[in-house]
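Take a look at the structure below.
Just follow the structure's listing: the first ligand is 1, and inside any ligand the first atom is 1.
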Amino acid sequence: MQDADILIINASELVTCAGPVTGRIGDDLGKLDIIRDGDVAITGGRIVAVGPTDALLSAWRGKETIDAGHRLVSPGFVDAHSHLLFGGDRCCEYEGKVKGRILGANLETGINATIQATRRADDRTLVEQALSDLDEALLYGTTTLEAKTGYGLSRDHELRLLRLTSGLEHEVDILPTFLGAHVLPDEYRNRRDEYVQLVIDMLPDVLPYTRSCDVACDPACFTAAECLRIGRHARELGMTLRVHADQTGDAGGAAVAAALGAASADHLDQSSAEGLRAMAAAGTVGIFFPGVTFHMLEMVPPLTEDGIGAAEKPYMPQSVRRALQAGVVCAISADFNPGSCPSISMQMMMQMAMRLFRLSYAEVWNMSTLNPAVSLGLAADRGSLEPGKRADVLIWNEIDHRRAVNRFGSNRVDTVMKSGRIVVR
Ligand code: NIG
Ligand code: FE
(Lines give C-alpha, C1' and ligand atoms only; values in the text may rest on other atoms or scores of the structure.)
(Ligands and ions follow the chains in the order given, each with its own letter.)
Protein backbone atom coordinates (compact mmCIF):
# COMPACT_ATOMS: atom_id res chain seq x y z
CA MET A 1 0.00 0.00 0.00
CA GLN A 2 1.22 3.51 -0.85
CA ASP A 3 0.16 6.63 1.02
CA ALA A 4 -1.44 9.64 -0.67
CA ASP A 5 -2.60 12.92 0.88
CA ILE A 6 -5.99 12.78 -0.80
CA LEU A 7 -8.03 10.23 -2.72
CA ILE A 8 -10.93 11.42 -4.85
CA ILE A 9 -13.07 8.31 -5.22
CA ASN A 10 -16.25 7.24 -6.90
CA ALA A 11 -16.29 9.35 -10.07
CA SER A 12 -19.01 8.18 -12.47
CA GLU A 13 -16.63 9.28 -15.21
CA LEU A 14 -13.08 10.44 -14.67
CA VAL A 15 -12.55 12.54 -17.80
CA THR A 16 -8.77 12.79 -17.69
CA CYS A 17 -8.31 14.66 -21.01
CA ALA A 18 -4.94 12.88 -21.13
CA GLY A 19 -2.98 13.28 -24.34
CA PRO A 20 0.43 14.13 -25.77
CA VAL A 21 2.17 17.22 -24.35
CA THR A 22 2.14 18.58 -27.90
CA GLY A 23 -1.68 18.50 -27.82
CA ARG A 24 -4.33 16.55 -29.64
CA ILE A 25 -4.84 17.10 -33.39
CA GLY A 26 -6.82 15.58 -36.26
CA ASP A 27 -8.83 12.44 -35.49
CA ASP A 28 -7.08 12.19 -32.16
CA LEU A 29 -8.85 15.37 -31.01
CA GLY A 30 -12.12 13.46 -31.21
CA LYS A 31 -10.91 10.87 -28.70
CA LEU A 32 -11.50 11.54 -25.02
CA ASP A 33 -9.76 9.60 -22.29
CA ILE A 34 -12.39 8.52 -19.76
CA ILE A 35 -12.05 6.14 -16.82
CA ARG A 36 -15.44 4.88 -15.68
CA ASP A 37 -15.86 4.54 -11.93
CA GLY A 38 -12.50 6.30 -11.49
CA ASP A 39 -10.32 7.59 -8.67
CA VAL A 40 -7.49 10.13 -8.38
CA ALA A 41 -4.67 9.97 -5.82
CA ILE A 42 -2.97 13.25 -4.89
CA THR A 43 0.17 14.04 -2.89
CA GLY A 44 1.84 17.40 -2.39
CA GLY A 45 -0.68 19.10 -4.69
CA ARG A 46 0.15 16.78 -7.59
CA ILE A 47 -1.55 13.75 -9.05
CA VAL A 48 0.28 10.53 -8.22
CA ALA A 49 -2.15 8.03 -9.74
CA VAL A 50 -5.42 7.76 -11.65
CA GLY A 51 -7.35 4.60 -12.34
CA PRO A 52 -10.48 2.57 -11.79
CA THR A 53 -11.69 2.47 -8.17
CA ASP A 54 -10.86 -1.19 -7.51
CA ALA A 55 -7.29 -0.97 -8.78
CA LEU A 56 -6.58 2.33 -7.07
CA LEU A 57 -8.04 1.45 -3.69
CA SER A 58 -6.06 -1.76 -3.56
CA ALA A 59 -2.79 0.17 -4.11
CA TRP A 60 -3.33 3.56 -2.40
CA ARG A 61 -4.39 4.67 1.07
CA GLY A 62 -5.43 8.34 1.47
CA LYS A 63 -5.07 10.51 4.59
CA GLU A 64 -8.24 12.20 3.36
CA THR A 65 -10.92 10.84 1.07
CA ILE A 66 -13.27 12.93 -1.05
CA ASP A 67 -16.28 11.04 -2.34
CA ALA A 68 -17.33 12.34 -5.76
CA GLY A 69 -20.70 10.65 -5.18
CA HIS A 70 -20.88 8.97 -8.57
CA ARG A 71 -20.47 12.27 -10.42
CA LEU A 72 -18.27 13.54 -13.24
CA VAL A 73 -14.67 14.52 -12.39
CA SER A 74 -12.49 16.49 -14.84
CA PRO A 75 -9.42 18.73 -15.00
CA GLY A 76 -9.87 22.45 -14.33
CA PHE A 77 -10.24 24.62 -17.42
CA VAL A 78 -7.23 26.42 -18.87
CA ASP A 79 -8.22 29.80 -20.32
CA ALA A 80 -5.33 30.89 -22.53
CA HIS A 81 -6.59 34.35 -23.56
CA SER A 82 -8.13 37.11 -21.48
CA HIS A 83 -8.00 40.87 -21.10
CA LEU A 84 -8.51 40.80 -17.35
CA LEU A 85 -7.85 44.40 -16.31
CA PHE A 86 -9.97 47.16 -17.78
CA GLY A 87 -12.06 50.10 -16.66
CA GLY A 88 -15.78 50.59 -17.34
CA ASP A 89 -17.92 48.57 -19.68
CA ARG A 90 -19.21 48.84 -23.26
CA CYS A 91 -22.93 48.38 -22.70
CA CYS A 92 -23.69 51.61 -24.59
CA GLU A 93 -22.19 50.51 -27.88
CA TYR A 94 -23.72 47.05 -27.70
CA GLU A 95 -27.32 48.06 -28.32
CA GLY A 96 -26.14 50.04 -31.34
CA LYS A 97 -24.45 46.93 -32.67
CA VAL A 98 -27.48 44.71 -32.14
CA LYS A 99 -29.77 47.26 -33.80
CA GLY A 100 -27.42 47.69 -36.76
CA ARG A 101 -26.34 51.29 -35.99
CA ILE A 102 -22.74 50.18 -35.36
CA LEU A 103 -21.24 47.89 -37.96
CA GLY A 104 -18.63 45.21 -37.56
CA ALA A 105 -16.40 44.62 -34.56
CA ASN A 106 -15.78 48.37 -34.04
CA LEU A 107 -12.33 47.53 -32.67
CA GLU A 108 -10.54 50.87 -32.93
CA THR A 109 -13.28 53.02 -31.42
CA GLY A 110 -14.32 50.43 -28.88
CA ILE A 111 -10.84 49.62 -27.60
CA ASN A 112 -9.93 53.32 -27.43
CA ALA A 113 -13.05 53.98 -25.31
CA THR A 114 -11.90 51.28 -22.87
CA ILE A 115 -8.37 52.72 -22.87
CA GLN A 116 -9.76 56.05 -21.64
CA ALA A 117 -11.88 54.33 -18.97
CA THR A 118 -8.93 52.19 -17.86
CA ARG A 119 -6.55 55.13 -17.59
CA ARG A 120 -9.15 57.00 -15.49
CA ALA A 121 -9.76 54.07 -13.13
CA ASP A 122 -7.70 53.97 -9.94
CA ASP A 123 -5.62 50.92 -8.99
CA ARG A 124 -8.04 49.77 -6.34
CA THR A 125 -11.03 49.81 -8.68
CA LEU A 126 -9.17 47.79 -11.31
CA VAL A 127 -7.91 45.24 -8.79
CA GLU A 128 -11.27 44.79 -7.06
CA GLN A 129 -13.00 44.26 -10.39
CA ALA A 130 -10.34 41.77 -11.52
CA LEU A 131 -10.59 39.80 -8.27
CA SER A 132 -14.34 39.60 -8.59
CA ASP A 133 -14.01 38.42 -12.21
CA LEU A 134 -11.44 35.82 -11.12
CA ASP A 135 -13.88 34.59 -8.44
CA GLU A 136 -16.44 34.03 -11.17
CA ALA A 137 -13.94 32.27 -13.45
CA LEU A 138 -13.01 29.91 -10.63
CA LEU A 139 -16.62 29.14 -9.70
CA TYR A 140 -17.22 28.05 -13.29
CA GLY A 141 -14.13 25.86 -13.29
CA THR A 142 -11.18 27.91 -14.61
CA THR A 143 -8.00 27.15 -12.66
CA THR A 144 -5.43 28.82 -14.99
CA LEU A 145 -5.88 32.12 -16.80
CA GLU A 146 -3.64 34.07 -19.15
CA ALA A 147 -4.20 37.84 -18.67
CA LYS A 148 -3.15 40.51 -21.17
CA THR A 149 -2.57 44.21 -20.73
CA GLY A 150 -3.60 46.29 -23.73
CA TYR A 151 -5.91 48.95 -22.32
CA GLY A 152 -3.11 51.21 -21.06
CA LEU A 153 -1.11 51.79 -24.25
CA SER A 154 1.33 54.31 -22.82
CA ARG A 155 4.53 53.33 -21.03
CA ASP A 156 3.18 54.24 -17.58
CA HIS A 157 -0.26 52.75 -18.05
CA GLU A 158 0.96 49.48 -19.58
CA LEU A 159 3.51 49.04 -16.79
CA ARG A 160 0.79 49.84 -14.25
CA LEU A 161 -1.45 47.11 -15.69
CA LEU A 162 1.45 44.63 -15.59
CA ARG A 163 2.27 45.56 -12.00
CA LEU A 164 -1.37 45.21 -10.92
CA THR A 165 -1.83 41.92 -12.81
CA SER A 166 1.34 40.44 -11.31
CA GLY A 167 0.23 41.51 -7.84
CA LEU A 168 -3.19 39.83 -7.96
CA GLU A 169 -3.55 37.23 -5.25
CA HIS A 170 -6.05 34.59 -6.22
CA GLU A 171 -6.50 30.82 -6.35
CA VAL A 172 -6.60 30.98 -10.15
CA ASP A 173 -3.05 30.92 -11.56
CA ILE A 174 -2.59 34.12 -13.57
CA LEU A 175 -0.08 34.39 -16.42
CA PRO A 176 0.43 38.01 -17.54
CA THR A 177 1.08 38.94 -21.18
CA PHE A 178 2.19 42.34 -22.49
CA LEU A 179 -0.13 43.55 -25.27
CA GLY A 180 1.26 47.01 -26.01
CA ALA A 181 0.39 46.48 -29.69
CA HIS A 182 -3.36 46.05 -29.15
CA VAL A 183 -4.57 48.93 -31.33
CA LEU A 184 -3.19 52.33 -32.29
CA PRO A 185 -4.10 54.67 -29.39
CA ASP A 186 -6.03 57.77 -30.51
CA GLU A 187 -3.25 60.18 -29.56
CA TYR A 188 -0.90 58.46 -32.05
CA ARG A 189 -3.24 58.77 -35.03
CA ASN A 190 -1.03 59.50 -38.08
CA ARG A 191 2.06 58.66 -35.99
CA ARG A 192 2.01 54.86 -36.38
CA ASP A 193 5.76 54.41 -36.57
CA GLU A 194 6.27 56.37 -33.39
CA TYR A 195 3.87 54.14 -31.53
CA VAL A 196 5.39 50.92 -32.89
CA GLN A 197 8.79 52.21 -31.78
CA LEU A 198 7.38 53.03 -28.33
CA VAL A 199 6.14 49.43 -27.96
CA ILE A 200 9.58 48.14 -28.93
CA ASP A 201 11.22 50.53 -26.46
CA MET A 202 8.89 49.32 -23.70
CA LEU A 203 9.88 45.67 -24.12
CA PRO A 204 12.93 45.63 -21.79
CA ASP A 205 10.82 47.30 -19.07
CA VAL A 206 8.12 44.63 -19.14
CA LEU A 207 10.57 41.75 -18.63
CA PRO A 208 10.42 41.86 -14.82
CA TYR A 209 6.69 41.12 -15.12
CA THR A 210 6.39 38.76 -18.05
CA ARG A 211 8.17 36.91 -20.85
CA SER A 212 5.01 36.77 -22.94
CA CYS A 213 4.20 39.33 -25.65
CA ASP A 214 1.08 39.63 -27.81
CA VAL A 215 0.66 41.67 -31.02
CA ALA A 216 -2.64 42.31 -32.83
CA CYS A 217 -2.27 41.63 -36.56
CA ASP A 218 -5.54 42.81 -38.01
CA PRO A 219 -6.74 45.42 -40.55
CA ALA A 220 -8.10 47.40 -37.57
CA CYS A 221 -4.90 47.10 -35.52
CA PHE A 222 -1.35 46.56 -36.81
CA THR A 223 0.07 45.38 -40.13
CA ALA A 224 2.03 42.18 -40.65
CA ALA A 225 5.24 44.21 -41.07
CA GLU A 226 4.63 46.13 -37.83
CA CYS A 227 3.86 42.93 -35.92
CA LEU A 228 6.95 41.20 -37.29
CA ARG A 229 9.06 44.17 -36.21
CA ILE A 230 7.76 44.14 -32.66
CA GLY A 231 7.70 40.35 -32.49
CA ARG A 232 11.33 39.97 -33.58
CA HIS A 233 12.49 42.41 -30.92
CA ALA A 234 10.46 40.55 -28.30
CA ARG A 235 11.90 37.24 -29.43
CA GLU A 236 15.45 38.58 -29.21
CA LEU A 237 14.71 39.39 -25.57
CA GLY A 238 13.67 35.78 -25.04
CA MET A 239 9.94 36.47 -25.02
CA THR A 240 7.28 34.03 -26.21
CA LEU A 241 4.86 35.43 -28.79
CA ARG A 242 1.09 35.30 -29.04
CA VAL A 243 -0.82 36.93 -31.91
CA HIS A 244 -4.35 38.36 -32.23
CA ALA A 245 -4.71 37.29 -35.86
CA ASP A 246 -7.09 38.18 -38.66
CA GLN A 247 -10.25 38.83 -36.64
CA THR A 248 -11.82 41.43 -38.94
CA GLY A 249 -9.93 40.61 -42.13
CA ASP A 250 -6.92 38.71 -43.41
CA ALA A 251 -3.92 40.81 -42.38
CA GLY A 252 -1.56 37.85 -42.73
CA GLY A 253 -1.68 37.27 -38.97
CA ALA A 254 -1.54 33.48 -39.13
CA ALA A 255 1.61 33.58 -41.27
CA VAL A 256 3.15 36.22 -38.99
CA ALA A 257 2.52 33.99 -35.98
CA ALA A 258 4.13 31.04 -37.76
CA ALA A 259 7.13 33.13 -38.87
CA LEU A 260 7.67 34.29 -35.29
CA GLY A 261 7.33 30.73 -33.98
CA ALA A 262 4.49 32.09 -31.82
CA ALA A 263 2.97 29.93 -29.11
CA SER A 264 -0.51 30.83 -30.32
CA ALA A 265 -2.47 32.72 -32.95
CA ASP A 266 -5.93 33.64 -31.79
CA HIS A 267 -9.25 34.48 -33.55
CA LEU A 268 -8.19 33.36 -37.10
CA ASP A 269 -11.66 34.12 -38.51
CA GLN A 270 -10.32 35.36 -41.84
CA SER A 271 -6.91 33.67 -42.04
CA SER A 272 -5.71 32.23 -45.34
CA ALA A 273 -5.25 28.50 -45.94
CA GLU A 274 -1.47 29.06 -46.37
CA GLY A 275 -1.34 30.91 -43.06
CA LEU A 276 -3.07 28.03 -41.29
CA ARG A 277 -0.77 25.48 -42.90
CA ALA A 278 2.26 27.52 -41.82
CA MET A 279 0.90 27.53 -38.26
CA ALA A 280 0.52 23.75 -38.30
CA ALA A 281 4.14 23.39 -39.47
CA ALA A 282 5.41 25.86 -36.84
CA GLY A 283 3.47 24.20 -34.01
CA THR A 284 1.54 27.42 -33.31
CA VAL A 285 -1.69 26.66 -31.45
CA GLY A 286 -4.90 28.17 -32.90
CA ILE A 287 -7.24 29.61 -30.28
CA PHE A 288 -10.92 30.19 -31.03
CA PHE A 289 -13.54 32.21 -29.18
CA PRO A 290 -17.13 31.00 -29.23
CA GLY A 291 -18.02 33.87 -26.88
CA VAL A 292 -16.82 36.41 -29.47
CA THR A 293 -18.74 34.64 -32.25
CA PHE A 294 -21.84 34.79 -30.07
CA HIS A 295 -21.50 38.33 -28.69
CA MET A 296 -20.43 39.83 -32.04
CA LEU A 297 -23.47 38.15 -33.64
CA GLU A 298 -21.31 36.35 -36.12
CA MET A 299 -23.81 33.50 -36.34
CA VAL A 300 -26.67 35.89 -37.10
CA PRO A 301 -27.33 37.32 -40.60
CA PRO A 302 -26.66 41.07 -40.90
CA LEU A 303 -29.64 43.43 -40.49
CA THR A 304 -31.36 44.68 -43.65
CA GLU A 305 -33.12 48.06 -44.15
CA ASP A 306 -36.47 46.61 -43.05
CA GLY A 307 -34.89 45.72 -39.68
CA ILE A 308 -35.62 42.03 -40.15
CA GLY A 309 -32.31 40.66 -41.39
CA ALA A 310 -30.98 38.99 -44.49
CA ALA A 311 -33.13 36.10 -45.65
CA GLU A 312 -30.31 33.67 -46.25
CA LYS A 313 -29.78 31.02 -43.61
CA PRO A 314 -27.46 31.93 -40.71
CA TYR A 315 -23.86 31.14 -41.48
CA MET A 316 -21.68 29.11 -39.18
CA PRO A 317 -18.02 30.03 -38.67
CA GLN A 318 -15.89 27.77 -40.80
CA SER A 319 -12.56 28.92 -39.41
CA VAL A 320 -12.26 26.23 -36.74
CA ARG A 321 -12.91 23.41 -39.19
CA ARG A 322 -10.40 24.86 -41.67
CA ALA A 323 -7.73 25.07 -38.97
CA LEU A 324 -8.46 21.52 -37.80
CA GLN A 325 -8.18 20.25 -41.36
CA ALA A 326 -4.87 22.08 -41.79
CA GLY A 327 -3.48 20.12 -38.83
CA VAL A 328 -3.36 23.01 -36.35
CA VAL A 329 -3.52 22.21 -32.61
CA CYS A 330 -6.79 23.99 -31.78
CA ALA A 331 -8.04 25.32 -28.46
CA ILE A 332 -10.93 27.34 -27.07
CA SER A 333 -10.66 30.26 -24.69
CA ALA A 334 -12.95 33.03 -23.46
CA ASP A 335 -11.16 36.22 -24.64
CA PHE A 336 -12.80 37.91 -21.66
CA ASN A 337 -12.95 41.67 -22.41
CA PRO A 338 -15.60 44.41 -22.26
CA GLY A 339 -16.10 44.64 -26.03
CA SER A 340 -16.18 41.33 -27.83
CA CYS A 341 -16.77 38.89 -24.96
CA PRO A 342 -17.98 40.13 -21.58
CA SER A 343 -18.05 36.58 -20.15
CA ILE A 344 -15.27 34.77 -18.30
CA SER A 345 -16.98 31.36 -18.01
CA MET A 346 -15.01 28.61 -19.76
CA GLN A 347 -17.91 26.29 -19.01
CA MET A 348 -20.13 28.49 -21.15
CA MET A 349 -17.41 28.69 -23.86
CA MET A 350 -17.21 24.90 -24.06
CA GLN A 351 -20.99 24.69 -24.29
CA MET A 352 -21.19 27.35 -27.01
CA ALA A 353 -18.23 25.95 -28.96
CA MET A 354 -20.04 22.69 -29.55
CA ARG A 355 -23.08 24.48 -30.93
CA LEU A 356 -21.51 27.38 -32.84
CA PHE A 357 -18.50 25.53 -34.24
CA ARG A 358 -20.22 22.13 -34.73
CA LEU A 359 -17.71 20.25 -32.60
CA SER A 360 -18.10 16.92 -30.80
CA TYR A 361 -18.19 16.46 -27.02
CA ALA A 362 -14.68 15.01 -27.09
CA GLU A 363 -13.35 17.87 -29.22
CA VAL A 364 -14.65 20.62 -26.94
CA TRP A 365 -13.33 18.91 -23.78
CA ASN A 366 -9.82 18.51 -25.21
CA MET A 367 -9.91 22.04 -26.61
CA SER A 368 -10.74 23.55 -23.18
CA THR A 369 -8.16 21.68 -21.12
CA LEU A 370 -5.11 20.03 -22.69
CA ASN A 371 -4.77 22.06 -25.90
CA PRO A 372 -4.93 25.53 -24.29
CA ALA A 373 -2.32 24.32 -21.78
CA VAL A 374 -0.09 23.46 -24.76
CA SER A 375 -0.41 27.06 -25.98
CA LEU A 376 0.85 28.30 -22.61
CA GLY A 377 3.78 25.87 -22.59
CA LEU A 378 2.23 24.19 -19.56
CA ALA A 379 1.00 20.86 -20.91
CA ALA A 380 3.56 18.89 -18.91
CA ASP A 381 2.24 20.53 -15.74
CA ARG A 382 -1.56 20.78 -16.18
CA GLY A 383 -4.45 20.50 -18.61
CA SER A 384 -5.20 16.85 -17.87
CA LEU A 385 -5.49 14.46 -14.94
CA GLU A 386 -2.28 12.48 -15.29
CA PRO A 387 0.36 11.41 -12.78
CA GLY A 388 2.90 14.18 -12.22
CA LYS A 389 0.52 16.98 -13.13
CA ARG A 390 -0.93 19.59 -10.81
CA ALA A 391 -4.11 18.49 -9.04
CA ASP A 392 -6.46 21.07 -10.59
CA VAL A 393 -9.68 19.09 -10.44
CA LEU A 394 -13.41 19.77 -10.90
CA ILE A 395 -16.22 17.70 -9.43
CA TRP A 396 -19.42 18.33 -11.37
CA ASN A 397 -23.13 18.15 -10.56
CA GLU A 398 -23.43 15.86 -13.56
CA ILE A 399 -22.83 12.17 -14.05
CA ASP A 400 -21.71 12.32 -17.65
CA HIS A 401 -19.26 14.50 -19.67
CA ARG A 402 -21.83 14.96 -22.42
CA ARG A 403 -24.41 16.41 -20.04
CA ALA A 404 -21.89 18.97 -18.82
CA VAL A 405 -21.83 20.35 -22.37
CA ASN A 406 -25.39 19.60 -23.42
CA ARG A 407 -26.81 21.77 -20.65
CA PHE A 408 -26.06 25.47 -20.73
CA GLY A 409 -26.71 28.68 -18.85
CA SER A 410 -26.32 27.43 -15.28
CA ASN A 411 -23.20 26.48 -13.38
CA ARG A 412 -22.78 22.68 -13.25
CA VAL A 413 -19.43 22.70 -11.40
CA ASP A 414 -19.79 21.76 -7.74
CA THR A 415 -16.28 21.56 -6.33
CA VAL A 416 -13.03 23.13 -7.52
CA MET A 417 -9.66 21.84 -6.34
CA LYS A 418 -6.54 23.90 -7.10
CA SER A 419 -3.15 22.23 -6.63
CA GLY A 420 -4.69 19.67 -4.29
CA ARG A 421 -6.62 22.18 -2.17
CA ILE A 422 -10.40 22.60 -2.29
CA VAL A 423 -11.09 26.25 -3.16
CA VAL A 424 -14.77 26.07 -4.13
CA ARG A 425 -17.40 23.75 -2.73
O1 NIG B 1 -9.49 40.07 -28.56
N2 NIG B 1 -7.68 43.14 -31.45
C3 NIG B 1 -8.28 42.77 -30.50
N4 NIG B 1 -9.46 42.64 -30.16
C5 NIG B 1 -10.04 42.29 -28.91
C6 NIG B 1 -11.24 43.15 -28.70
C7 NIG B 1 -11.15 43.81 -27.44
C8 NIG B 1 -12.18 44.90 -27.29
O9 NIG B 1 -13.11 45.02 -28.08
O10 NIG B 1 -12.01 45.67 -26.34
C11 NIG B 1 -10.36 40.82 -28.90
O12 NIG B 1 -11.47 40.38 -29.24
FE1 FE C 1 -8.27 39.25 -27.24
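- When only interatomic distances are considered, the shortest N/O to N/O separation between T114 and ligand 1 does not fall below 3.5 Å.
- Between the side chains of R71 and N397, at least one donor N or O sits under 3.5 Å from an acceptor N or O.
- Of all the atoms in ligand 1, the ones that sit under 4.0 Å from a non-hydrogen atom of Y151 are 7 (C), 8 (C), 10 (O).
- Counting only heavy atoms from C-beta outward, the side chains of D400 and E13 approach each other to under 4.5 Å.
- Nearest protein heavy-atom contact of atom 3 (C) of ligand 1 is H182 NE2, 3.4 Å.
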Please report the C-alpha distance between R160 and L126 in whole Å, then the side-chain angles of each, then the deciding distance to 0.1 Å, and finally whether the side chain to side chain contact (heavy atoms under 4.5 Å, CB included) criterion is met.
-> CA-CA 11 Å; R160 173 171 85 122; L126 291 175; 3.5 Å; yes
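- With no hydrogens or angles considered, no side-chain donor-acceptor pair links R242 and S212 at under 3.5 Å.
- No side-chain donor-acceptor contact under 3.5 Å links Q197 and D193.
- The distance from ligand 1 to the heavy atoms of G339 drops below 4.0 Å at these ligand atoms: 9 (O).
- Side-chain polar atoms of H81 and D335 form a donor-acceptor pair below 3.5 angstrom.
- Of all protein heavy atoms, the one lying nearest to atom 11 (C) of ligand 1 is D335 OD2, 3.1 Å.
- With 3.5 Å as the limit, one finds a donor-acceptor pair spanning the side chains of K389 and S384.
- Residue, atom and distance of the protein heavy atom nearest to atom 4 (N) of ligand 1 are Q247 OE1, 3.5 Å.
- With ligand atoms numbered from 1 in the order given, ligand 1 contributes 1 (O), 11 (C), 12 (O) to contacts under 4.0 Å with heavy atoms of H267.
- Remark: the backbone N or O of D269 is not paired with any side-chain donor or acceptor of H267 at under 3.5 angstrom.
- In the vicinity of L107, heavy-atom distances shorter than 4.0 Å reach the ligand 1 atoms 2 (N), 4 (N), 6 (C).
- Here the Fe ion (ligand 2) is the vertex; the OD1 atom in D335 and the NE2 atom in H81 give an angle of 80° (to 10°).
- Remark: at the Fe ion (ligand 2), atom NE2 from H83 and atom NE2 from H244 enclose 100°, rounded to the nearest 10 degrees.
- S264 and S375 form no side-chain donor-acceptor contact under 3.5 Å, judged by distance and modelled atom types alone.
- Counting protein heavy atoms only, atom 9 (O) of ligand 1 is closest to R90 NH2, 2.6 Å.
- Among all non-hydrogen protein atoms, the one lying nearest atom 2 (N) of ligand 1 is C221 SG, 3.6 Å.
- Not close to ligand 1: D218, with no non-hydrogen atom less than 4.0 angstrom away.
- When each atom of ligand 1 is checked for a heavy atom of S340 under 4.0 Å away, the hits are 6 (C), 9 (O), 11 (C), 12 (O).
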